[in-house]
Chemist: 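First the structure, then my questions, so here it is.
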Amino acid sequence: SRVVRRKWATVLIRGETGTGKELIARSIHYNTCQSNEPFVEINCSALTESLLESELFGHEKGAFTDAKTSKIGLFELAQNGTLFLDEIGDISLKVQIKLLKALEEKTIRRVGGTRDIKINTRIITATNRDLQAAIKKGEFRNDLYYRLNVLTINVPPLRNRGEDVLLIATHFLNEFAAEYECPLEGFEPLAEELLKRYQ
């Protein structure tokens, strides 16, 4: 509820891979934003430094060899909504500097551009890395960490969440039963116990 009440506060979601960090980000967005306000997401570990920079901030025509036209970045696409940056711990120091500037000044500049663009975007980030350890190694900026770590949600792994695993398993069971038109009604007690014990 503290997160929902503070619509524009930056949120950092921590947890192991597969704990549902993206679902939590979407839940925050849809409980704080109007239905017509965009939810835009990107996995930061899936792109090279230059491609991630272009995706986030956009670029102007001619900014680099393949830039045949101008392109709007994800910050602009998420205007008045939410930008979800998954695996934030994997971004390069160069992109970290640009992200910090965007958070501090509420403006961005496209790659190859000269004009500052005002942004009004909520930032939600997620990571499975220990960012404080990354700071000590010089891999993550301390000042950016404190900008991102305004509100923190620590997501425990499913193995520590008791009945949650059964709720999720039942959700997928119902989804696939409908998709394949197969009348499945639930799990045998032994299957439930195995799911709850699985690490």
Side-chain angles (χ1 to χ4, degrees), residues 1-47 49-60 70-111 113 115-132 134-135 139-156:
S1 63
R2 189 161 60 104
V3 175
V4 171
R5 288 197 308 269
R6 298 176 64 186
K7 178 179 177 180
W8 297 110
T10 304
V11 180
L12 174 62
I13 305 171
R14 303 168 183 260
E16 293 179 11
T17 299
T19 51
K21 297 186 291 294
E22 180 194 340
L23 292 175
I24 291 171
R26 286 183 180 276
S27 178
I28 292 168
H29 171 78
Y30 290 114
N31 280 284
T32 57
C33 295
Q34 301 295 323
S35 60
N36 63 332
E37 293 172 333
F39 178 87
V40 178
E41 62 180 304
I42 188 168
N43 185 322
C44 298
S45 66
L47 303 173
E49 176 187 278
S50 58
L51 189 53
L52 178 61
E53 184 181 13
S54 177
E55 285 293 309
L56 289 176
F57 302 101
H59 62 254
E60 297 294 354
S70 294
K71 178 183 175 183
I72 292 175
L74 299 185
F75 268 101
E76 290 177 78
L77 288 175
Q79 194 74 289
N80 299 317
T82 301
L83 177 57
F84 175 51
L85 305 175
D86 199 5
E87 304 300 350
I88 191 68
D90 293 340
I91 66 175
S92 70
L93 290 170
K94 178 185 174 186
V95 178
Q96 287 179 40
I97 291 169
K98 289 197 73 168
L99 180 56
L100 177 64
K101 186 175 186 296
L103 289 168
E104 287 179 340
E105 300 179 8
K106 304 295 184 195
T107 61
I108 59 152
R109 186 175 291 180
R110 292 180 188 167
V111 177
R115 180 175 62 92
D116 286 337
I117 300 166
K118 185 82 174 161
I119 54 167
N120 186 41
T121 305
R122 177 183 210 157
I123 306 298
I124 301 178
T125 60
T127 186
N128 60 11
R129 289 189 67 190
D130 182 341
L131 292 183
Q132 289 171 315
I135 290 168
E139 298 171 351
F140 204 85
R141 292 180 62 96
N142 193 50
D143 46 7
L144 177 59
Y145 172 75
Y146 283 105
R147 282 284 180 181
L148 298 175
N149 194 32
V150 176
L151 295 174
T152 304
I153 298 174
N154 292 302
V155 187

Chemist: Taking all heavy atoms of A126 and all of D86, pick out the closest pair and write down the distance.
Modeler: CB-OD1, 3.5 Å

Chemist: How far apart are the closest heavy atoms of L131 and G89, and which atoms are they?
Modeler: CD2-CA, 3.7 Å

Chemist: What residues form a side chain to side chain donor-acceptor pair (under 3.5 Å) with R129, not counting sequence neighbours?
Modeler: E139

Chemist: Taking salt bridge (charged side-chain N to carboxylate O under 4.0 Å, His left out) as the test, write out the residues that go with D143, two or more places apart.
Modeler: R141

Chemist: For residues 97-105, dump all side-chain donor-acceptor pairs below 3.5 Å to protein atoms at least two apart in sequence or in another chain.
Modeler:
| unit_1 | atom_1 | unit_2 | atom_2 | d |
| --- | --- | --- | --- | --- |
| K98 | NZ | E53 | OE2 | 3.2 |
| K101 | NZ | E105 | OE1 | 3.0 |

Chemist: Side chains of I88 and L144: closer than 4.5 Å at any heavy-atom pair?
Modeler: no

Chemist: Taking only residues two or more places apart in sequence, or in another chain, which ones meet S70 in a side chain to side chain contact (heavy atoms under 4.5 Å, CB included)?
Modeler: E60, K61, R110

Chemist: Please list all pairs meeting ring pair (Phe, Tyr, Trp, His ring centres under 6.0 Å) that have one or both residues in residues 71-102, counting only residues at least two apart or in different chains.
Modeler: F57-F75

Chemist: Do E55 and K71 have side-chain heavy atoms sitting under 4.5 Å apart?
Modeler: yes

Chemist: Where is the tightest heavy-atom contact between P38 and L77, given as atom of each residue plus distance?
Modeler: CG-O, 3.3 Å

Chemist: State whether the side chain of E37 and the backbone N or O of T82 hold a donor-acceptor pair below 3.5 Å, judged by distance alone.
Modeler: no

Chemist: Got a second to check how far H29's NE2 is from I124's CD1, nearest 0.5 Å?
Modeler: 8.5 Å

Chemist: Does N120 offer a backbone N or O that forms a donor-acceptor pair with the side chain of Q79 under 3.5 Å?
Modeler: yes

Chemist: Is a side-chain donor-acceptor pair under 3.5 Å present for E49 with S92?
Modeler: yes

Chemist: Do R14 and T152 come within less than 4.5 Å of each other through their side chains, counting heavy atoms only?
Modeler: yes

Chemist: Is there a side-chain contact between L83 and I119 (heavy atoms, below 4.5 Å)?
Modeler: no

Chemist: Would you check if the side chain of R122 reaches a backbone N or O of T10 as a donor-acceptor pair within less than 3.5 Å?
Modeler: no

Chemist: Check whether any side-chain heavy atom of T127 lies under 4.5 Å from a side-chain heavy atom of F140, and answer yes or no.
Modeler: no

Chemist: Looking at Y30, I want to see if its OH is surrounded by more than 12 non-hydrogen atoms of other residues, nucleotides or ligands under 6.0 Å.
Modeler: yes

Chemist: Looking only at atom types and distance, does a side-chain atom of K21 sit under 3.5 Å from a main-chain N or O of E16, one as donor and one as acceptor?
Modeler: yes

Chemist: Restricting to non-hydrogen atoms, name the atom on S54 and the atom on H59 that form the minimum distance, rounded to 0.1 Å.
Modeler: OG-ND1, 2.8 Å

Chemist: How long is the span from the CG atom in L12 to the CG atom in L151, to the nearest 0.5 Å?
Modeler: 10.0 Å

Chemist: Go through it in stages, so that I can follow the logic: the residues are L148 and L85, the test is side-chain contact (heavy atoms from CB on, under 4.5 Å), and I'd like the CA-CA distance, side-chain angles, deciding distance and then a yes or no.
Modeler: CA-CA 11 Å; L148 298 175; L85 305 175; 5.9 Å; no

Chemist: Which heavy atom of D90 sits nearest to which heavy atom of S45, and what is that distance?
Modeler: OD2-CB, 3.0 Å

Chemist: Does some side-chain heavy atom of L47 sit less than 4.5 Å from a side-chain heavy atom of I42?
Modeler: yes

Chemist: Output yes when a side-chain donor or acceptor of N149 lies under 3.5 Å from a complementary backbone atom of Y145, and no otherwise.
Modeler: no

Chemist: Can you name the residues that form a side chain to side chain donor-acceptor pair (under 3.5 Å) with T125, not counting sequence neighbours?
Modeler: none

Chemist: Considering all heavy atoms of both residues, which atom of P156 and which atom of T19 are nearest to each other, and what is their separation?
Modeler: O-CG2, 3.9 Å

